[in-house]
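As the structure is a computational prediction, the values presented were derived from the model and not from experiment.
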Amino acid sequence: MKYEKTALLGIGYTLPAEIVSTAQLEERLDPLYQRLRLPAGRLELMTGIQQRRFYPPQVLPGDVSIRSCRQALDAAQTTPAQIGCLIHASVCRDHLEPATACRVHHALNLPASCQVFDLSNACLGILNGVILIANMIEMGQIRAGIVVGSESGRGLVETTIRTLNQDVTLTRQSIKDSVASLTIGSASCAFVLGLSSASSHSARLVGGAARSHSQWNQLCQSQHDQAGGEFQPLMSTDSHELMVRGVETGVATFSEFLHNTGWERESMARTVCHQVGVAHQKLMLESLGLNPENDHTTFPWLGNTGSAALPVTLADAAEKKVFRAGDRTGLLGIGSGINSVMLGLEWNDVPVAGSTWGEGEPS
């Protein structure tokens, strides 16, 4: 896939105010740790994740997405009337029906001609949304679009802790399938995409690649489908096999990514990978032959925030002025299923607007 006209014009993000350390999670898991004689500190040592954040229980994904979208529109200096497509692309959503995008569309006062729908693909939803909006821009169907995702990890972490403490049949071996669930955090991010000619402060979308190795779809699964404020899922994840097969999928995708962008790996100034943990990052970059010093991370303080993880890490890097004009930047996404999406941006000072949730819900 190659692009000629599309650029990232602005980014908006919203982070929770509540910070929960990994040490605090282990304190809550004391019944399990005592029963299985587990040493404290092992979770942070294994993952490199020191803390994560959570929105208040009553806050819905759509609440946060509305704020992130408003901030992205302000950053991009784009009016609601200019938006031709809105995609809500997180795993978490307000209801099974209707699409969360409908509520966000109404709150933002987007035009009736704007296409609106939800898209969900594990940790890749926002990147998949970027591709769909970019395709519409390239075909001349729209001039600008928004993709947004807001992940709320509190329910998964709370359910996992409760189950681990209550199920006395669990062993040191069987609890391994629950470790990944304890790395989850919450975050929200929105991208405004439009014509590259619309702003000199943007990042041009050069191209990318996508692959699906769906024979590994069973490696990370939830028990059943739920949505809304009482979202209480339980996940089973073969973390080691998921990492190995995910990186394998990423290596295959990266080869196509380089071909489609016309880049050499040595010419890439910066990378942003999906934020899983220290072991995944190390194996991923080693397998792709990329310099870890050029990779930006947020997982030590945000944990794994699903579809928002890579986008909010890109926002953090942009806000901290990590990128220089002209930097070739690879967005290297992998999601359970197993799927991979990798996109290339040529950077030129994309504006970012962010906030911390806790200043009142958006109207």
Side-chain angles (χ1 to χ4, degrees), residues 8-18 53-120 125-126 128-130 132-133 136-137 141-155 186-194 198 226-231 305-308 311-312 315 350-363:
L8 175 61
L9 303 183
I11 306 174
Y13 72 87
T14 307
L15 298 179
E18 181 182 350
R53 298 176 178 225
F54 295 135
Y55 299 110
Q58 72 277 12
V59 174
L60 294 174
D63 296 332
V64 194
S65 291
I66 292 165
R67 180 181 294 183
S68 292
C69 284
R70 285 175 172 159
Q71 292 172 156
L73 286 168
D74 288 345
Q77 296 184 348
T78 301
T79 65
Q82 294 173 285
I83 300 299
C85 181
L86 166 69
I87 301 174
H88 197 276
S90 51
V91 175
C92 298
R93 54 200 188 279
D94 290 1
H95 313 283
L96 288 174
E97 188 178 355
T100 303
C102 295
R103 177 173 168 231
V104 177
H105 173 273
H106 175 70
L108 297 178
N109 196 30
L110 301 181
S113 58
C114 173
Q115 296 189 53
V116 177
F117 56 94
D118 284 3
L119 179 161
S120 183
I126 291 179
N128 286 132
V130 168
L132 292 180
I133 290 173
M136 296 171 72
I137 292 172
Q141 296 177 339
I142 64 173
R143 295 181 63 85
I146 303 177
V147 56
V148 61
S150 298
E151 304 289 18
S152 182
R154 180 189 291 274
S186 303
S188 172
C189 195
F191 288 170
V192 172
L193 296 125
Q226 293 178 315
E230 299 303 315
F231 188 56
T305 58
S307 69
V312 83
V350 178
V352 180
S355 67
T356 300
W357 188 271
E359 301 166 359
E361 297 180 12
S363 58

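- Once rounded to the nearest 0.5 Å, the distance linking CZ of Arg53 with OG1 of Thr305 reads 11.5 Å.
- The heavy-atom pair separating Leu110 from Cys114 by the smallest distance is CD1-SG, 4.1 Å.
- With 3.5 Å as the limit, one finds no donor-acceptor pair spanning the side chains of Ser90 and Ser150.
- Shown here for Ser188 and Tyr55, the closest heavy-atom pair between the two residues is N-OH, 3.3 Å.
- Rounding to the nearest 0.5 Å places CD1 of Ile11 at 11.5 Å from OG of Ser68.
- Applying the side-chain hydrogen bond (donor to acceptor under 3.5 Å, both in side chains) rule to Thr100 yields no partners; only residues at least two apart in sequence or on another chain are considered.
- Among the candidates Arg70, His88, Arg93, the single residue satisfying the side chain to side chain contact (heavy atoms under 4.5 Å, CB included) test with Ser65 is His88.
- Between Ile133 and Phe191 the shortest side-chain heavy-atom distance does not fall below 4.5 Å.
- Between the side chain of His106 and the backbone N or O of Ala101 there is no donor-acceptor pair closer than 3.5 Å.
- Rounding to the nearest 0.5 Å places OG1 of Thr356 at 8.5 Å from CZ of Arg67.
- Interatomic distance, CG of Leu132 versus CZ of Phe117, reported as 5.5 Å (0.5 Å rounding).
- Here the CG atom belonging to Leu193 is positioned 6.5 Å from the CG atom belonging to Leu9, to the nearest 0.5 angstrom.
- Looking at residues two or more places apart in sequence or on another chain, you find a side-chain hydrogen bond (donor to acceptor under 3.5 Å, both in side chains) between Glu18 and Arg154.
- Taking the side chain as every heavy atom from C-beta outward, Tyr13 and Pro311 never approach each other to under 4.5 Å.
- Shown here for Gly125 and Ser307, the closest heavy-atom pair between the two residues is N-CB, 4.1 Å.
- No donor-acceptor pair under 3.5 Å is formed between the side chain of Ser152 and the backbone N or O of Ser186.
- Of all heavy-atom pairs spanning Val312 and Ala187, the tightest one is CG1-CB, 4.4 Å.
- Contact annotation: the side chain of Leu86 approaches that of Val148 to within less than 4.5 Å [non-hydrogen atoms, C-beta and beyond].
- For the pair Leu119 and Gly129, the tightest heavy-atom approach, listed with the atom from each and the gap, is CD1-N, 4.2 Å.
- Within the model, atoms CG of Leu60 and NE2 of His95 stand 6.5 Å from one another, a figure rounded to the nearest 0.5 Å.
- When every heavy atom of Ser120 is checked against every heavy atom of Val91, the shortest pair comes out as OG-CA, 3.7 Å.
- Counting heavy-atom neighbours within 6.0 Å of Gln141 CD, excluding the residue itself, gives a total above 12.
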For this session: For salt bridge (Lys or Arg N to Asp or Glu O under 4.0 Å), just list the numbers for Asp94 and Arg103, CA-CA rounded to whole Å, side-chain angles, deciding distance to a tenth of an Å, and then say yes or no.
Result: CA-CA 9 Å; Asp94 290 1; Arg103 177 173 168 231; 2.8 Å; yes
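- The closest side-chain heavy-atom distance from Ser355 to Gln71 is below 4.5 Å.
- Using a 4.5 Å heavy-atom cutoff, the side chains of Leu108 and Ile83 are not in contact.
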